[in-house]
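Structure first, commentary second.
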Amino acid sequence: MRIPKAAHTARPWRIHEFTKDFRIEDVWSFRAPDAGPDDFPVMLKALKTAYDTRKAPAPVRFLFAVRWKLGALLGWDTPQAGLGGRVASLSDRLPQDLARTVENAVPCSDPFSDVYQLDDEAARELGNKTVHTIMHLGWVPTGDGGYELRMAALVKPNGLFGRVYMAGILPFRYLIVYPALTRQWERAWIEHGRPYRRAAETARGETAG
């Protein structure tokens with residue numbers, strides 16, 4: 001579900017310290033039934049475990065296939081245009097203790113790179129010729145004893161070209177990509193997160209008994 005940008009800015013996230021030159025593009029919430037306060041690492045692992053573009057809906061696969069093809073033809077995604085080239089990594093802004101939090105992060109085959117990972121928030125980034133994007137993930141209480149995942153997309157477009165690009169893909173993000181992402185991430189928790197949590201609770205109960 002799309003939620004107001006203030007839902008992100010009102011939280012005391014560490015990300016605010018390092019992204020004053022980025023703008024908030026989108027903020028979404030994702031349900032995590034039966035989640036508890038310590039389940040953020042479980043959710044992150046579930047998302048990475050479930051990542052598989054082959055299982056995405058056909059319209060999403062088509063859009064990304066077109067995007068990567070254009071990027072290859074026009075040089076949008078070359079190493080020179082990405083992180084460490086045109087784009088300075090957000091990791092370069094972090095204190096060493098925060099940067100080291102990703103040393104044991106679960107790897108993933110998606111195009112994002114881990115920036116930092118704490119008990120209730122994490123940041124991942126993607127840079128290319130069009131834009132530098134930060135995907136911020138946070139773990140937030142819902143008020144009824146549960147917890148939900150929140151994702152904020154923070155962007156820094158590359159000049160006029162980047163701003164035009166972001167405006168051009170906006171309808172596709174809202175109509176196709178984000179609805180599919182919501183289903184995928186909520187299913188990832190059901191299939192890979194919640195079972196893991198319940199198994200851990202069972203093991204603790206048996207040990208205590």
Side-chain angles (χ1 to χ4, degrees), residues 1-9 13 15-16 18-31 43-44 47-48 50-91 93 108-115 121-138 148-188:
M1 179 177 65
R2 189 182 180 200
I3 58 178
K5 295 177 182 178
H8 174 74
T9 57
W13 303 123
I15 194 68
H16 302 319
F18 314 108
T19 54
K20 298 185 186 304
D21 52 339
F22 286 73
R23 75 172 191 234
I24 303 173
E25 190 74 13
D26 300 300
V27 183
W28 289 70
S29 66
F30 304 86
R31 296 171 298 179
M43 171 62 92
L44 293 182
L47 297 182
K48 292 182 177 182
Y51 177 77
D52 187 347
T53 57
R54 296 170 300 179
K55 297 181 180 179
V60 175
R61 295 200 307 272
F62 174 76
L63 285 176
F64 278 98
V66 171
R67 165 60 184 86
W68 298 129
K69 185 65 174 180
L70 286 174
L73 290 174
L74 302 176
W76 291 352
D77 306 307
T78 63
Q80 294 77 15
L83 299 174
R86 183 193 71 81
V87 180
S89 172
L90 189 67
S91 299
R93 307 183 183 188
C108 187
S109 59
D110 70 1
F112 282 83
S113 300
D114 290 298
V115 178
E121 67 169 304
R124 311 186 73 222
E125 67 180 338
L126 172 66
N128 53 48
K129 194 172 183 179
T130 62
V131 68
H132 185 186
T133 299
I134 307 298
M135 178 172 62
H136 180 265
L137 300 171
E148 68 181 13
L149 179 71
R150 290 186 184 173
M151 184 276 290
L154 313 176
V155 301
K156 184 162 62 172
N158 184 19
L160 177 61
F161 170 64
R163 291 193 294 274
V164 170
Y165 172 82
M166 291 301 297
I169 66 173
L170 186 147
F172 300 103
R173 293 203 319 269
Y174 289 162
L175 296 176
I176 299 176
V177 176
Y178 281 131
L181 186 67
T182 297
R183 292 189 294 271
Q184 177 186 345
W185 281 12
E186 292 183 350
R187 186 170 62 247

- Message: Classify the ring geometry of His136 against His8: parallel below 30°, tilted from 30° to 60°, perpendicular beyond 60°.
- Response: perpendicular
- Task: Any chance you could measure Tyr165, atom OH, to Asn128, atom CG, to the nearest 0.5 Å?
- Result: 6.5 Å
- Thr130 to Phe161 - nearest heavy-atom pair and separation: CG2-CE2, 3.5 Å
- Message: Using side-chain heavy atoms (C-beta onward) and a distance below 4.5 Å, is His132 in contact with Leu83?
- Response: yes
- Close side-chain approach of Trp13 to Thr19, heavy-atom, < 4.5 Å: no
- Task: Looking only at non-hydrogen atoms, find the nearest pair between Gly162 and Pro157 and report the distance.
- Result: C-CB, 3.6 Å
- Query: Is the number of heavy atoms from other residues, nucleotides or ligands within 6.0 Å of CZ (Phe62) greater than 12?
  - Reply: no
- Message: For the CG atom of Leu149 and the CG atom of Leu44, what is their distance to the nearest 0.5 Å?
- Response: 7.5 Å
- Item | Nearest heavy atoms of Val87 and Gly127, plus distance in Å | CG2-CA, 4.2 Å
- Pair listing, salt bridge (Lys or Arg N to Asp or Glu O under 4.0 Å) test, anchored in residues 21-31, at least two apart: Asp21-Arg93, Asp21-Lys156, Arg23-Glu25, Glu25-Arg173, Asp26-Arg173, Arg31-Glu186
- Item | Interatomic spacing from CG in Leu90 to CZ in Arg124 - rounded to 0.5 Å | 13.5 Å
- Taking every non-hydrogen atom, the tightest pair across Leu126 and Pro111: CD1-O, 3.5 Å
- Could you grab the distance from atom OG1 of Thr182 to atom CZ of Arg2, nearest 0.5 Å is fine? 12.0 Å
- Message: Could you check whether atom OH of Tyr174 has more than 12 heavy atoms from other residues, nucleotides or ligands sitting under 6.0 Å from it?
- Response: yes
- Note on the structure: Output for pair (Met166 CE, Asn158 CG), nearest 0.5 Å, gives 12.5 Å
- Message: How close do Ser109 and Tyr51 get, counting heavy atoms only, and between which atoms?
- Response: OG-CD2, 3.4 Å
- Item | Check: Leu47 and Met151 side chains under 4.5 Å, non-hydrogen atoms | no
- Message: How long is the straight-line distance from CZ of Arg150 back to CH2 of Trp28, given to the nearest 0.5 Å?
- Response: 14.0 Å
- Task: Would you please name every residue forming a salt bridge (Lys or Arg N to Asp or Glu O under 4.0 Å) with Arg86, sequence neighbours left out?
- Result: none
- Message: Checking Arg61 now: which residues fulfil salt bridge (Lys or Arg N to Asp or Glu O under 4.0 Å) with it, not counting sequence neighbours?
- Response: none
- Message: Any heavy-atom pair between the side chains of Thr133 and Val155 that's under 4.5 Å?
- Response: yes
- Taking all heavy atoms of Ala72 and all of Asp77, pick out the closest pair and write down the distance. N-OD2, 4.4 Å
- Message: Quick one, Ile24 and Leu154 - any side-chain contact, counting heavy atoms below 4.5 Å?
- Response: yes
- Message: Would you say CZ of Phe172 has more than 12 non-hydrogen atoms from neighbouring residues, nucleotides or ligands within 6.0 angstrom?
- Response: no
